[in-house]
K.L.:
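Please see the structure below; I have some questions.
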Amino acid sequence: MTDVVVAGGGLAGLVAARHLAEAGADVRLFERHHDLGGRVRSLRRDGFVFDRGFQVFFTAYPAARRELDYDSLDLRYFKPGAVVARPGERSTLSDPFRDVDGALETILNRDVTLRDKLRVFELRRELAEKSDREISAGPDESTREYLRGRGFSDRFVENFAAPFYGGITLDRSLATSKKVFEFTFKMLTTGRIAVPARGMAAITEQLAESAREAEVELVTDETVTDLDASDTPEIELGRESVTADAVVVATDPEQARELTGVESIPTDAKGCVTQYYAFDGPELDAGKRLLLNADSPAPNQIAQLSAVAPEYAPEDRNLLSATYLGVPDDPDEDLAAKTARALDSWYPERRLDLETLHTDRIEFAQFAQPPGVHDRLPDVRAPDGPVYLAGEYTDASSLNAAIGSGRTAAKRVADDFDLAF
Ligand SMILES: Cc1cc2nc3c(=O)[nH]c(=O)nc-3n(C[C@H](O)[C@H](O)[C@H](O)COP(=O)(O)OP(=O)(O)OC[C@H]3O[C@@H](n4cnc5c(N)ncnc54)[C@H](O)[C@@H]3O)c2cc1C
């Protein structure tokens, strides 16, 4: 039997391990943390759910569709578009094709121009016809240059694109590759934004359960400290070493580069701080829409999570998250004060008494994706010996890429070892 060791129990590692076990390999997965999931975890406390940073799931993600059972994720959906907020003003920008409630407000919205609305329509039609492969091919430029080149106004770029797409790519300057923008735009217009009712960790839990059912041995609290990539690779753990026929390195990019020496693994980080608050009384009228800060990046966006997924908070309490891009070193209470000031200015008619519940400071949430980066990403077989890479950084920085990379790595191992994939 082919022995495979998987280093890392994030989404990529779990998917790779499951497919290899199903293909007939004997698979052990070592995860250094106590919990599986890597960047996709949730803390459940006192009836609240705090995802590890503000993360959302796009239902149109092709790799996720293949690997996940959406029904059991029990998805809860955001409304399309967002509320653009600034002191004393809130306006709705939505997708009139899918959101009848927001259609009239969107048509009348003055935060973007009429031309912008027509350009969104054109872009939607164009990208719906473009395959994912076509989106990732060809020359690249920043999202900002791309939007300008397509004739979008400054108002559209600053009021909507910067906080909305900046919130997704953790880069409000819109210096991120236009390929990420096009793919994300297509996902948003062909599917929905959701969170599982039990939190984003439900995605991890489902993948872990499938791996267990396929008889993967999942070992947590065990770090792979070194890797000798000979014909029969030797894997150093805390107190012992093990050998395997093949190793799948599915750690975060920094660890993957350290373990394999592959220099093309990208390690420039995009981080963020997400803070969670409870408040009492009626929910904010933004409801299931994101609140975008058009005025300042502090915070970039606020999500009323309990309106989207009531399971995220105890009954009669509301849960909000505010996300700050980069990792500002302001103390927690200063961030909470900034959030309170922003909300007071957006909702002058309402005094919210926010209770700060939890703060997540995440140094490495995504790898930076400037124009051209995707052409330089490492191949699954970049390491020496029978060592394979799985991880979002082999494709793009997203859940979709992480899940897809697990399958790709498993397929390459299966091909090399004549397993029935
Ligand atoms: C705040 C935040 C917001 C995000 N927002 C979105 C979003 O809205 N949409 C989206 O699509 N994506 C989003 N992402 C990105 C997405 O979560 C990641 O791209 C994806 O989860 C990466 O999965 P992975 O398996 O490749 O790596 P990871 O999740 O990093 O998993 C690697 C695993 O390897 C383990 N490990 C590391 N070193 C070792 C070692 N030496 N030995 C054993 N184990 C080791 C780690 O503990 C970890 O569990 C977000 C991420 C964050 C953090």
Side-chain angles (χ1 to χ4, degrees), residues 5-17 28-42 50-61 63-64 78 164-165 167-171 180 183-184 187-188 191 193-195 200-201 203-204 207-208 218-227 235-238 247-260 265-267 269-274 290 300-301 303 321 323-325 327 360-367 369 389-406 408-409:
V5 160
V6 176
L11 304 191
L14 289 169
V15 170
R28 271 176 300 173
L29 180 151
F30 297 109
E31 164 55 50
R32 74 171 164 192
H33 276 292
H34 185 63
D35 294 317
L36 293 162
R39 279 168 266 174
V40 186
R41 287 179 278 155
S42 308
F50 309 125
D51 291 328
R52 178 133 177 82
F54 177 67
Q55 298 212 36
V56 288
F57 179 68
F58 298 161
T59 59
Y61 274 158
F78 284 79
F164 188 81
Y165 288 97
I168 292 170
T169 56
L170 308 180
D171 165 30
V180 176
F183 180 68
T184 309
M187 294 300 102
L188 288 167
I193 305 182
V195 288
M200 290 294 284
I203 296 173
T204 295
L207 293 175
L218 296 172
V219 186
T220 55
D221 298 306
E222 191 71 82
T223 303
V224 172
T225 54
D226 201 7
L227 184 58
I235 301 103
E236 292 293 334
L237 303 168
V247 179
V248 176
V249 175
T251 65
D252 53 84
E254 277 173 11
Q255 274 288 298
R257 197 200 264 219
E258 215 162 282
L259 288 170
T260 63
I265 296 176
T267 51
K270 290 281 172 206
C272 62
V273 177
T274 295
L290 278 177
N300 184 67
Q301 88 268 2
S321 76
T323 298
Y324 291 79
L325 307 182
V327 190
D360 258 337
R361 292 177 182 269
I362 303 163
E363 297 283 345
F364 200 114
Q366 298 178 19
F367 69 87
Q369 299 177 93
L389 298 176
E392 115 266 38
Y393 62 83
T394 57
D395 180 11
S397 202
S398 70
L399 302 168
N400 184 65
I403 291 172
S405 76
T408 305

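Indexing begins at 1, ligand by ligand and atom by atom, following the structure's order. Reckoned from all heavy atoms, side chains included, excluding hydrogens, waters and symmetry mates.
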K.L.:
Checking Thr169 now: which residues fulfil side chain to side chain donor-acceptor pair (under 3.5 Å) with it, not counting sequence neighbours?
P.N.:
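Listed in chain order: nothing, the list is empty.
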K.L.:
Got a sec, which residues hit side chain to side chain contact (heavy atoms under 4.5 Å, CB included) with Ala7, two or more places apart in sequence or on another chain?
P.N.:
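Ala7 satisfies side chain to side chain contact (heavy atoms under 4.5 Å, CB included) with Val224, Thr251 once adjacent residues are dropped.
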K.L.:
How far apart are the C-alpha atoms of Thr220 and Glu31, what are their side-chain angles, what is the distance that settles it, and do they pass the side chain to side chain donor-acceptor pair (under 3.5 Å) test?
P.N.:
CA-CA 5 Å; Thr220 55; Glu31 164 55 50; over 6 Å; no
K.L.:
At less than 3.5 Å, what protein N or O atoms come close to the N or O atoms of ligand 1? Include the distances to 0.1 Å.
P.N.:
from: ligand 1; atom 1: 8 (O); to: Val56; atom 2: N; distance (Å): 3.2
from: ligand 1; atom 1: 8 (O); to: Val56; atom 2: O; distance (Å): 3.4
from: ligand 1; atom 1: 9 (N); to: Val56; atom 2: O; distance (Å): 3.4
from: ligand 1; atom 1: 11 (O); to: Tyr61; atom 2: OH; distance (Å): 2.6
from: ligand 1; atom 1: 11 (O); to: Leu399; atom 2: N; distance (Å): 2.8
from: ligand 1; atom 1: 12 (N); to: Leu399; atom 2: N; distance (Å): 3.4
from: ligand 1; atom 1: 17 (O); to: Gln55; atom 2: OE1; distance (Å): 3.1
from: ligand 1; atom 1: 19 (O); to: Ser398; atom 2: O; distance (Å): 3.4
from: ligand 1; atom 1: 25 (O); to: Leu11; atom 2: N; distance (Å): 3.2
from: ligand 1; atom 1: 25 (O); to: Ala12; atom 2: N; distance (Å): 3.0
from: ligand 1; atom 1: 26 (O); to: Glu392; atom 2: N; distance (Å): 3.0
from: ligand 1; atom 1: 27 (O); to: Arg39; atom 2: NH2; distance (Å): 3.3
from: ligand 1; atom 1: 29 (O); to: Arg39; atom 2: N; distance (Å): 2.9
from: ligand 1; atom 1: 30 (O); to: Arg39; atom 2: NE; distance (Å): 2.9
from: ligand 1; atom 1: 30 (O); to: Arg39; atom 2: NH2; distance (Å): 3.0
from: ligand 1; atom 1: 41 (N); to: Val224; atom 2: O; distance (Å): 2.9
from: ligand 1; atom 1: 41 (N); to: Gln255; atom 2: OE1; distance (Å): 2.8
from: ligand 1; atom 1: 42 (N); to: Val224; atom 2: N; distance (Å): 2.9
from: ligand 1; atom 1: 44 (N); to: Arg32; atom 2: N; distance (Å): 3.2
from: ligand 1; atom 1: 47 (O); to: Glu31; atom 2: OE2; distance (Å): 2.7
from: ligand 1; atom 1: 49 (O); to: Glu31; atom 2: OE1; distance (Å): 2.6
from: ligand 1; atom 1: 49 (O); to: Glu31; atom 2: OE2; distance (Å): 3.2
from: ligand 1; atom 1: 49 (O); to: Gly38; atom 2: N; distance (Å): 3.3

K.L.:
For Arg41, is there an ion pair with Asp360 - N to carboxylate O distance below 4.0 angstrom?
P.N.:
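No, this pair does not count.
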K.L.:
Start with the C-alpha gap between Gln301 and Phe164, add the side-chain angles, then the distance that decides, and say whether side-chain contact (heavy atoms from CB on, under 4.5 Å) holds.
P.N.:
CA-CA 8 Å; Gln301 88 268 2; Phe164 188 81; over 6 Å; no
K.L.:
Quick one: list whatever passes side chain to side chain contact (heavy atoms under 4.5 Å, CB included) with Glu363, sequence neighbours left out.
P.N.:
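For Glu363 the side chain to side chain contact (heavy atoms under 4.5 Å, CB included) partners, ignoring immediate neighbours, are Val327.
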